[in-house]
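Quantities reported herein were computed from a predicted structural model and do not represent experimental measurements. Each chain gets a letter, A, B and so on, in the order its sequence line appears, and its residues count up from 1.
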Amino acid sequence: MPELTEVETIRRQIAPALAGRRIVDAWHAPNPKFVAARQVVGRTVQSVGRRGKYLVIGLDQERELIVHLGMTGVVRLRTGATIDPYVRASWTFDDDTILELRDIRQFGRVASVASGDYRTLPTLHALGPDPFDPALTSRDFYRALRKSTQRVKTQLLSQRPIAGVGNIYADEALWRARVHPASRRVSQPRAHELLGALRTVLAQGIDNGGTTLRDYRTFTGETGSNQHALDCYGRHGQPCGRCGTTLVRKVYDGRGTTFCPVCQRV
DNA sequence: CGCAGCGCCTGAAGGC
DNA sequence: TGCCTTCAGGCGCTGC
């Protein structure tokens with residue numbers, strides 16, 4: 001389940017290989033989510049960026065190729081033919097390397113847009129600031145959270161107050177900041193703690209090359225190692241590392257959520 | 001306009 | 001052993 005950390009890991013790895021390359025051919029699976037792959041044939045890669053969980057590949061003539069990895073998406077480079085049935089889109093470059101999107105469950109998506117025009121991608125269009133944006137203050141974050149009375153975890157997953165947080169890092173950051181995932185109102189001091197916790201767990205995730213629970217692999221096919229550093233996500237039934245209370249798992253707004261019922265307060 | 005509810009997908013895991 | 005059901009969950013879309 002690629003979140004910001006996994007997408008950033010992949011971005012850093014593919015950027016040097018793609019910069020300046022021209023796309024000479026493309027292929028896509030029949031699923032309409034991937035048909036935009038062919039629309040960028042003939043363009044040259046100028047930049048490889050990221051907005052939240054979206055890979056944003058800058059092309060010439062003010063175009064962008066957007067790739068979202070969904071739940072099971074992986075991006076990798078190869079040369080020669082493949083027989084992998086889970087490859088949903090691929091782009092051939094002028095040096096005969098092939099970038100491919102492998103996505104077992106097809107929750108991913110490809111789009112070709114005019115630079116910065118994300119109207120066809122509502123979540124990207126309304127995306128909050130990057131957690132590592134130095135201009136983002138905890139006061140900004142607090143105000144963003146105050147715009148809704150949805151549960152704080154649901155807000156994080158909406159990508160609106162802040163970009164790139166998924167289920168794993170939401171649980172981790174809420175645990176670290178001692179904020180209850182079902183809180184509908186977060187005070188300014190606690191918003192400050194939560195932003196700091198998000199930055200900490202996300203930076204650690206990037207340092208560890210991402211979290212591999214099942215499908216996620218880095219661009220070079222390696223697993224990440226952050227799954228060994230998790231304090232909360234997936235640890236229900238085990239003791240809280242702070243107070244020893246058994247971590248519990250509940251479903252909030254349809255999302256499995258692990259938290260400490262004692263340390264994390266509403 | 002915000003948001004709840006649903007559908008998309010497939011492999012793994014659990015039940016019988 | 002093998003079939004069936006349930007679950008995982010990000011995000012786009014629909015309709016209230």
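Between A/His180 and A/Phe259, the distance from one ring center to the other falls under 6.0 angstrom.
Contact annotation: A/Lys53 reaches the phosphate of C/dC11 (side-chain N/O to OP1 or OP2, under 4.0 Å). Distances shorter than 4.0 Å separate none of the side-chain N or O atoms of A/His68 from OP1 or OP2 on C/dG10. For the OP1/OP2 pair of C/dA8 and a distance below 4.0 Å, the side-chain nitrogens and oxygens of A/Asn167 include no atom meeting the criterion. Taking side-chain N and O atoms only, A/Tyr252 has no distance below 4.0 Å to OP1 or OP2 of B/dA4. Applying the 4.0 Å criterion to OP1 and OP2 of C/dG9, one finds that A/Tyr233 has a side-chain N or O inside that range. Proximity of A/Gln159 to the phosphate of C/dG10: no side-chain N or O atom is located under 4.0 Å from OP1 or OP2. Using a 4.0 Å cut-off, no side-chain N or O of A/Gln150 falls inside it from OP1 or OP2 of B/dG2. An OP1 or OP2 oxygen of B/dT10 is reached within less than 4.0 angstrom by no side-chain nitrogen or oxygen of A/Thr72.
Rounded to a whole Å, the CD atom of A/Glu3 is 13 Å from the C1' atom of C/dA8. Going from atom CG of A/Asp103 over to atom C1' of C/dG9 covers 13 Å, rounded to whole Å. The distance between atom CZ of A/Arg160 and atom P of C/dC11, rounded to the nearest whole Å, is 13 Å. In this structure, the CE atom of A/Met71 is 15 Å from the C1' atom of B/dG7, given to the nearest Å. Here C/dG10 presents its C1' atom at 17 Å from CD of A/Gln155, a figure rounded to the nearest Å. Taking atom CG of residue A/Asn31 and atom C1' of nucleotide C/dG12, one finds them 13 Å apart after rounding to whole Å. Look at NZ on A/Lys33: it is 10 Å from P on B/dC8, rounded to the nearest Å. A/Gln106 has its CD atom 16 Å from the C1' atom of C/dA8, to the nearest Å.
Stacking between A/Phe107 and C/dC11 is absent: the aromatic ring centre is not both under 5.5 angstrom from the base six-membered ring centre and within 30 degrees in plane angle.
Contacts of A/Asp253 with the nucleic acid, taken as non-hydrogen atoms under 4.0 Å apart, are absent. Nucleic acid contact for A/Arg119: none, since no nucleic acid atom lies under 4.0 Å from a heavy atom of the residue. Among the heavy atoms of the strands lying under 4.0 Å from A/Gly256 are primed sugar atoms or P, OP1, OP2 only; no base atom is included.
Looking at A/Arg255, its side chain comes within 3.5 Å of the base of C/dG10 through a donor and an acceptor atom. Judged by atom type and distance alone, A/Arg105 reaches the base of C/dG9 through a side-chain donor-acceptor pair under 3.5 Å.
For the pair A/Lys147 and A/Arg88, both in contact range of DNA chain B, the more 5′-proximal nearest nucleotide belongs to A/Lys147.
Cation-pi contact between A/Arg105 and A/Phe107: present, with separation from the ring centre below 6.0 Å and deviation from the ring axis of at most 45°. For the pair A/Arg242 and A/Trp175, the cation-pi criterion (under 6.0 Å, within 45° of the ring axis) is fulfilled.
In summary, the side chains of A/Thr258 and A/Arg235 do not present any donor paired with an acceptor at a separation below 3.5 Å, with no hydrogens or angles considered.
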For residues 25-36 of chain A, tabulate all N or O donor-acceptor pairs below 3.5 Å that involve a side-chain atom, not counting sequence neighbours.
from, atom 1, to, atom 2, distance (Å)
A/Asp25, OD1, A/Arg38, NH1, 3.4
A/Asn31, OD1, A/Lys33, N, 2.9
A/Asn31, ND2, A/Gln106, OE1, 2.9
A/Lys33, NZ, A/Gln106, O, 3.0

Cut-off 3.5 Å, no hydrogens considered: what does the side-chain donor-acceptor table look like for residues 196-207 of chain A, sequence neighbours left out?
from, atom 1, to, atom 2, distance (Å)
A/Arg199, NE, A/Pro131, O, 2.6
A/Arg199, NH2, A/Pro131, O, 3.1
A/Arg199, NH2, A/Asp133, O, 3.1
A/Arg199, NH2, A/Leu136, O, 3.0
A/Thr200, OG1, A/Gly196, O, 2.9
A/Gln204, NE2, A/Asn226, OD1, 2.9

